[in-house]
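Presented below is the structure to which this report refers.
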Amino acid sequence: MLLPLIYLIGSITFILGLKMLSHPDSARKGNLVAAFGMTLAIVGTIFLYRDHSGNSLGNYPWIFAGLVIGSIVGTLAAKKVQMTAMPEMVSLFNGMGGACAMLISIVEYHHNPNPSMGMLVVIVLGMLIGTVSFSGSIIAWGKLNGRIKDRTIPAGQAINFLLFAGILTMAVLLVFSISSAPFLFYGILALAALYGILFVMPIGGADMPVVISLLNSFTGVAAAFGGFLYDNPVMLTGGILVGSAGTILTILMCKAMNRSLKNVLIGSFGGQKTGGSVGGSKEQGSYKEISLNDTAVLMAYASKVMIIPGYGLAVAQAQHACHELEKVLEDKGVEVSYGIHPVAGRMPGHMNVLLAEADVPYDKLKEMEEANDQMAQTTVVLIIGANDVVNPAAKEDPASPIYGMPILEVEKAEHVIVNKRSMKPGYAGIENDLFFKPKTSMLFGDAKKVLQDLVSELKQV
Amino acid sequence: MLLPLIYLIGSITFILGLKMLSHPDSARKGNLVAAFGMTLAIVGTIFLYRDHSGNSLGNYPWIFAGLVIGSIVGTLAAKKVQMTAMPEMVSLFNGMGGACAMLISIVEYHHNPNPSMGMLVVIVLGMLIGTVSFSGSIIAWGKLNGRIKDRTIPAGQAINFLLFAGILTMAVLLVFSISSAPFLFYGILALAALYGILFVMPIGGADMPVVISLLNSFTGVAAAFGGFLYDNPVMLTGGILVGSAGTILTILMCKAMNRSLKNVLIGSFGGQKTGGSVGGSKEQGSYKEISLNDTAVLMAYASKVMIIPGYGLAVAQAQHACHELEKVLEDKGVEVSYGIHPVAGRMPGHMNVLLAEADVPYDKLKEMEEANDQMAQTTVVLIIGANDVVNPAAKEDPASPIYGMPILEVEKAEHVIVNKRSMKPGYAGIENDLFFKPKTSMLFGDAKKVLQDLVSELKQV
Amino acid sequence: MDSIAQLFTDAATYRLLTIVILSIFLGIEVISRVPSVLHTPLMSGANAIHGVVIIGAIIVMGEAASDDYLALTLGFLAVILGTLNVVGGFVVTDRMLEMFDKKKKRK
Amino acid sequence: MDSIAQLFTDAATYRLLTIVILSIFLGIEVISRVPSVLHTPLMSGANAIHGVVIIGAIIVMGEAASDDYLALTLGFLAVILGTLNVVGGFVVTDRMLEMFDKKKKRK
Ligand SMILES: NC(=O)c1ccc[n+]([C@@H]2O[C@H](COP(=O)([O-])OP(=O)(O)OC[C@H]3O[C@@H](n4cnc5c(N)ncnc54)[C@H](OP(=O)(O)O)[C@@H]3O)[C@@H](O)[C@H]2O)c1
Ligand SMILES: NC(=O)c1ccc[n+]([C@@H]2O[C@H](COP(=O)([O-])OP(=O)(O)OC[C@H]3O[C@@H](n4cnc5c(N)ncnc54)[C@H](OP(=O)(O)O)[C@@H]3O)[C@@H](O)[C@H]2O)c1
């Protein structure tokens, strides 16, 4: 009975792994612990699994081929992916897991022509949830990398409801063996795939990480159904752990954006975009531009500069140029810090990760509250490719879709300089009054280019 | 299959109960939730349990008689017990649980003349741990209510080690069926009982709550072995939950006293008492007394008074008199607050519970850090029946057994008045230099009497 | 009872062990952030919960043959003691927590 | 596989359900205090863990008869996809966390 012991160890590593992953000091080790347990469980299954007649597994060449192909492709994809594209990568991998659960259910459905009701429930639910997770994740992936655009589906909620009802009806017919036609099974599969697509399609790109986290917990539940199917405790604990942890994580992520899950799923940013631009159509004042040279002078003689990075910095891959700027300023005796908003960028911790990549010292990164406290003593705030996270509408305009989100209160500083490429809105798709405030000057251009130019200007000041 | 469902619900209520018990807002409800689940599990077992041949349980009159007797006695005891005696009550109840586990194992041992090894292990371990928990808890109970005095056992550790070795040898003989003589079984029982006694005997009364918490988790483990024995999931989860939660709680309690578990169990206060009194034999200065009248005047004209309650307040049941004093002072425009040390009294939260009983408003109770911050602005500190928690040796004398424990730093205040009955030491059994400091005045007498007198004096000022 | 014979040889054991491990972790997680004022009530509440051993006592009692005086006597005693643990435990915990409640009402 | 026939009628189910319930609580408890910078790596790590579904794929594949082309093809695909999920998941998580590590070293 070595295999059950291995599975037990596997379950323990998953718990420990998740536990360690939620503390900064142990996170990386936690990931390795879970990976170790997973390897153990996989190797154990391959060599020690016995079916009820005591036969070991066959088809080793196929199994190993699959493992090797998957490992190589997975490793390469994971290693090559850009920092900014990581969330979409996670979504893709998540979809693979969902598809895997779906395929298993399909095969088991065909292998059991006369299944018991309990078994049928487990197979159908595993397939259903796996499929939704699969198709939803693929859409999320496509939206995040820009292949698929936001699209509000007319009467989307009604359609989703119909789909849901259809799935339920077919599932009941199938499970209570009122009809056992395979087309019911595949019908459920098709509707589930469609449901996943329509479910994710209208959700704004800014909310994608939340949706991915939700789909993540779906796949966990699908994996747990596999655990029921094979009476396998490690699949069960692993799947359920992820299912419940993923759900909590989804809620936590919503909270960090100050939104409710319902709000994300139904009243998505995508749908409200129109509302936002209506708000934007009200006559804005005019904005003023500032030249590179003036910016350089202003900063060189400032006592304290705070840099506020946003998604644009990540897109432009300007983190190294940013660090360069910081060093030049410090050489001139200017105190430089970074104001990090929790949801700046496209994933939580995005800015931290990005700036760490450029070796920016950790103690220069100020979290939102601290940054806001220091704002009044700051001479120049330089906003690089950030938009929503400094939008005063979040505090002032109850009609705004981002109303209630805490923001970096840059207006408390003496001067505000905003670098972006145009007057286009950010992810929430809404206008930003900040740009039209008297204190604010715009410094247009690609973040990387602007920062590099700024550095050379500064060296001449 | 209703019973397994009931057991599942029982397990869930235990988890929820523990979870809710660890938050102040939900604690009371949590206790009720767990009690509900327990009732369900008990009633379910009585009526729905079937043995392997499908027979239901018999001997209903006996079962109900036992339940009724236990309920009545338990309720009365729990309702009548004084606030200060609650920890010893908990210890007694804990011992009952341990004894219950022990008795079950004895009966099962006799019912299974040819048990498998696995079964024997479960029976013997359940009996062993239950017995240790039982005898240890009874000693802890006796020590807390003063029936049993602290006693250092000469060569105690060596004896404990021998006992341990004896138990182990006999258990191995029994389990591997090298000998199956019942005297082995009862020999283990006897040694386990002795071990429990000797284990708890030398530990200082001040550390008793920690020991009770430890024995508590022992009983949990013993109950879990019962779960193995009857293949019963609710006994298993309930027992293990308590076993692990109790262990953590033990560690947390040690931390609150700034000691390690090892330190509590081996280098107990009891053993160090001599060390303490040696320290005390060094020539102390003299102390000065203060009259009731002077105290009243001093307090009436103070701007801020802080009352520091300790074990003596609880013993004297002076909480109402204390609240009276507070009201009289406030009427005179004096600001009154209470400085609450986390381990003042004999159980964590003892002072909070006690003062709450006298309806002292919650916002007047300051936790240690806050109290220490306010100390410098305080005119008079009135210490009522507290000793160790204000002993400066904890900060100054590395040789002191309480060295390292954070204390209430009363010396920062203008005047310190100490009420106790004599110059005798407190629970840790060590002298308190504070009493001999120039700032300190002693106000001897029973706390309740002194406070009542103080109130009448104050009314005349 | 005979299920125990196989207890240490079959997969069911490992399922029980999984339950044990999960419960251990859960116990640790649930308790690890309890404020110190709640230590005693929590200890007391946990004390009541391990009184679940009463279920074993009830089974012993209920399965005892009417001439098995050992089982009858010890079982009866076990039921009483177990009930004491459960009932006394919950009641005393409730009393402790009542104090906290009172406190809050007047806040 | 035939164990499933009884799955919803016997006590083993309830033992599995106990595991499920305990895991749910544990998942909630373990995660509920994670700082927001760790949200993404945690999500990614959890994503890798549910790749444990690969075990099902291996079993399907390994039990497929050599003329059962449906099982062979779908099983093979499932093994590849599952491996992608597991390996890619852990590697990408490690890469994310590496950034945090670097950050700490220079603190
Ligand atoms: N962090 C998370 O966990 C997370 C997750 C999901 C959603 N979100 C959402 O994402 C948004 C994050 O706010 P944010 O302020 O960081 O970003 P943002 O509001 O999306 O704004 C980014 C700005 O960067 C500019 N930009 C783009 N490329 C640039 C380049 N190459 N050089 C210079 N500027 C460039 C864009 O303006 P131009 O086009 O004019 O240049 C754009 O306005 C919030 O709405 C948040 O709710 C965050
Ligand atoms: N709270 C917990 O969780 C906990 C648990 C275990 C141990 N402990 C330990 O208990 C101690 C608590 O410290 P503490 O300062 O509260 O108490 P303490 O150090 O035990 O001192 C209590 C003092 O009260 C006096 N006293 C007794 N009866 C009195 C009465 N009727 N009227 C007036 N005074 C009376 C005694 O002096 P006289 O005899 O001269 O009157 C004694 O010195 C610490 O050592 C702590 O580690 C606490």
Side-chain angles (χ1 to χ4, degrees), chain B residues 14 18-19 21-22 27-28 31 34-35 45 57-59 62-63 66-67 69-71 74-75 77-78 89-90 93-94 96-97 99-101 103-104 107 116 118-119 213 216 219-220 223 226 231 235 237-242 244-246 248-249 253 256 342 347-349 352-353 356-357 362, chain C residues 3-5 7-8 19-20 23-24 27-28 30-32 34 36-37 39-47 49-53 55-62 64 70-71 74-94 97 99 101-103 106-107:
Chain B
F14 292 167
L18 275 182
K19 223 172 121 75
L21 268 168
S22 43
R28 199 168 176 201
N31 186 50
T45 304
L57 293 177
N59 296 320
W62 288 89
I63 294 180
L67 286 174
I69 295 177
S71 301
T75 310
M89 200 79 241
V90 172
F93 290 144
N94 183 47
M96 301 299 102
C100 182
L103 292 174
I104 293 173
V107 175
S116 70
M119 188 169 185
S213 179
N216 198 19
T219 312
D231 201 357
M235 288 174 76
T237 39
I240 297 284
L241 268 179
V242 173
S244 95
I248 290 295
L249 189 58
M253 286 171 110
M347 59 186 199
N352 301 60
V353 167
E357 201 189 315
Y362 189 57
Chain C
S3 73
I4 306 215
L7 201 68
F8 279 79
I19 294 180
V20 169
S23 301
I24 291 178
I28 295 174
V30 164
I31 296 310
S32 53
V34 58
S36 75
V37 267
H39 284 175
T40 307
L42 182 62
M43 173 168 91
S44 177
N47 169 54
I49 289 177
H50 68 48
V52 72
V53 71
I55 288 181
I58 292 176
I59 297 178
V60 160
M61 186 77 240
L70 177 97
L74 295 190
F76 184 57
L77 208 61
V79 172
I80 295 182
L81 296 183
T83 315
L84 264 177
N85 186 176
V86 170
V87 176
F90 282 122
V91 173
V92 96
T93 311
D94 191 60
L97 291 168
M99 299 294 168
D101 258 18
K102 220 201 262 168
K103 189 169 72 190
R106 60 193 53 254
K107 216 180 16 172

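All values below come from the heavy atoms of this structure, side chains included, with hydrogens, waters and symmetry mates left out. These numbers come from a predicted model, not from an experiment. In what follows, chains are A, B, ... by sequence order, proteins preceding strands, each numbered from 1.
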Quiz prompt | Segment of C/I19 engaging chain B (4.5 angstrom heavy-atom cut-off) | solution = side chain

Self-check item: Results of side chain to side chain contact (heavy atoms under 4.5 Å, CB included) for B/A34 - residues two or more places apart only
Solution: B/F14, C/I49, C/F90

Practice problem: Indicate the atoms forming the closest heavy-atom contact of C/A71 with B/V107, along with that distance. | Solution: CB-CG1, 3.8 Å

Exercise. Can you measure from CH2 (B/W62) to CD1 (C/I58) and round to the nearest 0.5 angstrom?
Key: 15.5 Å

Quiz prompt | Between CD1 on residue B/I63 and CD1 on residue C/I80, distance to nearest 0.5 Å | solution = 12.5 Å

Quiz item: Between B/A35, B/A101, B/G246, which residue shows the highest count of heavy-atom pairs closer than 4.5 Å to chain C?
Solution: B/A35

Quiz item: Can you say whether C/V20 sits under 4.5 Å from chain B via the side chain, the backbone, both, or neither, judging by heavy atoms?
Solution: both

Exercise. Find the one option among B/G220, B/A77, B/G226 whose heavy-atom pairs under 4.5 Å with chain C are most numerous.
Key: B/G220

Practice problem: Against chain B, work out which of C/L77, C/V86, C/V30 has the most heavy-atom pairs shorter than 4.5 Å and name it. | Solution: C/V30

Quiz item: Can you name the nearest heavy-atom pair linking B/G97 to C/N85, along with the distance?
Solution: CA-OD1, 3.0 Å

Quiz item: When heavy-atom pairs shorter than 4.5 Å are enumerated against chain C, which of B/S22, B/A27, B/A99, B/G238 gives the highest number?
Solution: B/S22

Quiz item: Considering only heavy atoms from C-beta outward, does the side chain of C/V52 approach that of B/T237 to under 4.5 Å?
Solution: no

Quiz item: Where do C/I31 and B/A245 come nearest, in terms of heavy atoms and distance?
Solution: CG1-CB, 3.2 Å

Quiz prompt | Check: B/N216 side chain, C/M43 main-chain N or O, donor-acceptor pair, under 3.5 Å | solution = yes

Quiz prompt | Pairwise side-chain contact, C/T83 with B/M96, heavy-atom cut-off 4.5 Å (strictly under) | solution = no

Quiz item: For chain C, which of B/T219, B/N31, B/T75, B/L103 has the most heavy-atom pairs under 4.5 Å?
Solution: B/N31

Self-check item: Minimum heavy-atom distance between C/V53 and B/C100, given as atom pair plus value
Solution: CG1-SG, 3.9 Å

Quiz prompt | B/N59 side-chain N/O to C/M61 backbone N/O, donor-acceptor pair under 3.5 Å | solution = yes

Practice problem: Would you please name every residue forming a side chain to side chain contact (heavy atoms under 4.5 Å, CB included) with C/I28, sequence neighbours left out? | Solution: B/S244, B/I248, C/I24

Quiz item: For C/A46 and B/L18, which heavy atoms make the closest approach, and how far apart are they?
Solution: CB-CD2, 4.3 Å

Quiz item: Of the listed residues (C/T93, C/V79, C/I59), which shares the most heavy-atom pairs with chain B below a 4.5 Å separation?
Solution: C/I59

Quiz prompt | Taking every non-hydrogen atom, the tightest pair across B/M89 and C/V92 | solution = CG-CG2, 4.2 Å

Quiz prompt | Under 4.5 Å from any heavy atom of chain C - which part of B/M235 | solution = both

Quiz item: Do B/I69 and C/F76 touch side chain to side chain, with heavy atoms closer than 4.5 Å?
Solution: yes

